[in-house]
Amino acid sequence: MKIAVSYLKSKYSKEETIERINQTSADYLHVDLMDGSFVEQNNLNWKELTKLLKKSQKPLDIHLMTNDLDIQIMEAIKQKPEMITFHLEATKEVSKWIKVLKKAKIKVGIALNPDTPINLVIPFLKEVDFILIMSVVPGLGGQAFLKSILPKLKELSSYRKEYSFKISIDGGINEETIFNVKEMVDMIVSGSYICQNENYEEQIKKLR
């Protein structure tokens, strides 16, 4: 199981947090980008982000919680990440953006909010690399894990017999909630559980 670490909610500066993540066995740096429209928070400043993300020694896992995909996906591609995830709820041109990312040789993820039904993403399962299930309402770190997503996660997992996509989960993951999802996911995203502590690696080991 892969672990992606989000640096936003931390005891330290973003720069120091990323450096601390660099020193761990984490598989990815998870980059949550918010536009103040799709979610209330706004942290989109690509000039500053580009400078910040160059400090990462981990592959980048970019999660766009944004509406304006025409601009944001193209900016995200410039960061040369391993994967980019956009929200199903943010666009009616899902196939278009899948093709754009595939052409750029970037792995494609589609994120689903807690209340979004699985049936809406089924038509795209054969095209994407992974599906990201949000186990909290997107936009705020430190929220509690929503057990209401578990039936949806189980349903999505059943489609892996037919398609080759992977499953990631983001939100409220800790040493207790991990046992609700561990057998059904390929990757977890964790932020405050790791970065609000002194010993990042110890927290990662608890999740593994």
Side-chain angles (χ1 to χ4, degrees), residues 1-2 4 6 27-44 46 49-50 53 58-139 146 148-171 181 184-189:
M1 183 183 66
K2 304 290 187 182
S6 173
D27 299 286
Y28 298 98
L29 180 71
H30 185 82
V31 185
D32 284 314
L33 299 180
M34 301 170 280
D35 65 356
S37 174
F38 185 78
V39 294
E40 291 184 9
Q41 291 69 37
N42 188 333
N43 68 345
L44 280 173
W46 284 107
L49 278 165
T50 298
L53 296 180
K58 303 291 185 180
L60 300 180
D61 163 29
I62 294 182
H63 176 195
L64 294 174
M65 290 181 268
T66 66
N67 281 318
D68 191 1
L69 296 186
D70 289 281
I71 293 174
Q72 308 309 337
I73 281 185
M74 301 316 293
E75 289 290 342
I77 287 173
K78 294 177 185 177
Q79 308 305 314
K80 298 181 180 179
E82 182 168 318
M83 59 188 82
I84 293 176
T85 304
F86 61 89
H87 272 261
L88 183 74
E89 304 89 357
T91 181
K92 294 181 179 179
E93 299 180 296
V94 175
S95 290
K96 168 189 170 181
W97 294 117
I98 291 172
K99 290 175 183 174
V100 167
L101 292 173
K102 290 287 188 181
K103 185 176 181 181
K105 299 188 184 328
I106 293 171
K107 292 179 182 177
V108 184
I110 296 179
L112 298 181
N113 285 344
D115 294 334
T116 301
I118 289 297
N119 66 290
L120 295 181
V121 80
I122 291 172
F124 309 107
L125 293 181
K126 64 181 180 295
E127 302 175 57
V128 299
D129 295 289
F130 66 98
I131 301 295
L132 173 62
I133 296 291
M134 295 300 300
S135 45
V136 296
V137 177
L146 294 173
S148 58
I149 62 91
L150 291 175
K152 183 166 71 171
L153 182 60
K154 186 176 182 180
E155 180 186 355
L156 179 63
S157 184
S158 71
Y159 284 99
R160 291 198 287 186
K161 298 174 184 176
E162 185 176 355
Y163 304 105
S164 60
F165 67 95
K166 296 185 181 300
I167 299 175
S168 179
I169 192 159
D170 182 357
V181 304
M184 293 185 282
V185 302
D186 303 285
M187 185 169 83
I188 60 170
V189 178

Less than 3.5 Å apart, which donor and acceptor atoms pair up between the side chains of residues 114-122 and the rest of the protein, not counting sequence neighbours?
unit_1	atom_1	unit_2	atom_2	d
T116	OG1	E89	OE2	2.5

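- Here the shortest heavy-atom pairing between E82 and I106 reads O-CG2, 3.7 Å.
- No side-chain heavy atom of L60 sits under 4.5 Å from any side-chain heavy atom of K80.
- Note that NZ of K166 and NZ of K107 are 8.0 Å apart. Values are rounded to the nearest 0.5 Å.
- Few gaps surround CD on E155; more than 12 heavy atoms of other groups in view lie less than 6.0 Å from it.
- In this structure the side chain of M74 reaches within 4.5 angstrom of the side chain of I77, judged on heavy atoms.
- Checked by atom type and distance alone, the side chain of N43 pairs as donor or acceptor with a backbone atom of D32 at under 3.5 Å.
- Within the 4.5 Å cutoff, the side chain of T85 has heavy atoms near those of the F130 side chain.
- Inspection of the Q72 and W46 side chains reveals an N or O donor paired with an N or O acceptor under 3.5 Å.
- In this structure, CE in M184 is found 7.5 Å from CD1 in I169, a value given to the nearest 0.5 Å.
- Taking a 6.0 Å sphere around NZ of K152, one finds it holds more than 12 heavy atoms contributed by other residues, nucleotides or ligands.
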Next on the checklist: Applying side chain to side chain contact (heavy atoms under 4.5 Å, CB included) to M65 and D35, what does each step give before you reach the verdict?
Outcome noted: CA-CA 7 Å; M65 290 181 268; D35 65 356; over 6 Å; no

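- From N113, atom CG reaches atom CD1 of I133 across 10.0 Å, with rounding to the nearest 0.5 Å.
- Side-chain atoms of H63 and D61 form no donor-acceptor pair, as typed in the model, at a separation below 3.5 Å.
- Around atom NZ of K154, no more than 12 heavy atoms belonging to other residues, nucleotides or ligands sit under 6.0 Å away.
- Side-chain atoms of S135 come within 3.5 Å of backbone atoms of D170 as a donor-acceptor pair (strictly under, hydrogens ignored).
- Nearest heavy atoms, V189 versus S168: CG2-OG, 3.9 Å.
- Rounded to the nearest 0.5 Å, atoms CG (L101) and CD1 (I73) are 5.0 Å apart.
- Contact between Q79 and L53 at its shortest, heavy atoms only, is OE1-CD1, 4.0 Å.
- Contact check for I131 versus F124: no side-chain heavy atoms found under the 4.5 Å cut-off.
- Nearest heavy-atom pair across A90 and T66 is CB-O, 3.2 Å.
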Item to check | Y159 vs I167, side chain to side chain contact (heavy atoms under 4.5 Å, CB included): CA-CA, chis, key distance, verdict | outcome: CA-CA 11 Å; Y159 284 99; I167 299 175; over 6 Å; no

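- Atom CD1 of I98 sits about 5.0 Å away from atom CZ of F86, to the nearest 0.5 Å.
- The local environment of NZ in K2 is sparse, with at most 12 non-hydrogen atoms from other residues, nucleotides or ligands closer than 6.0 Å.
- Between K78 and T50, every side-chain heavy-atom pair lies at or beyond the 4.5 Å cut-off.
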Item to check | Check against side chain to side chain contact (heavy atoms under 4.5 Å, CB included), H30 and M187 | outcome: CA-CA 11 Å; H30 185 82; M187 185 169 83; 5.6 Å; no

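- Minimum interatomic distance between A76 and I84 (heavy atoms only, all atoms of both residues): CB-CD1, 3.6 Å.
- In this structure, CG in L156 is found 4.0 Å from CZ in F165, a value given to the nearest 0.5 Å.
- Across all their heavy atoms, I149 and M134 have their closest contact at CG2-O, 3.7 Å.
- Listed by first then second residue, pairs satisfying salt bridge (charged side-chain N to carboxylate O under 4.0 Å, His left out) with a partner in residues 123-134 read K102-D129, not counting sequence neighbours.
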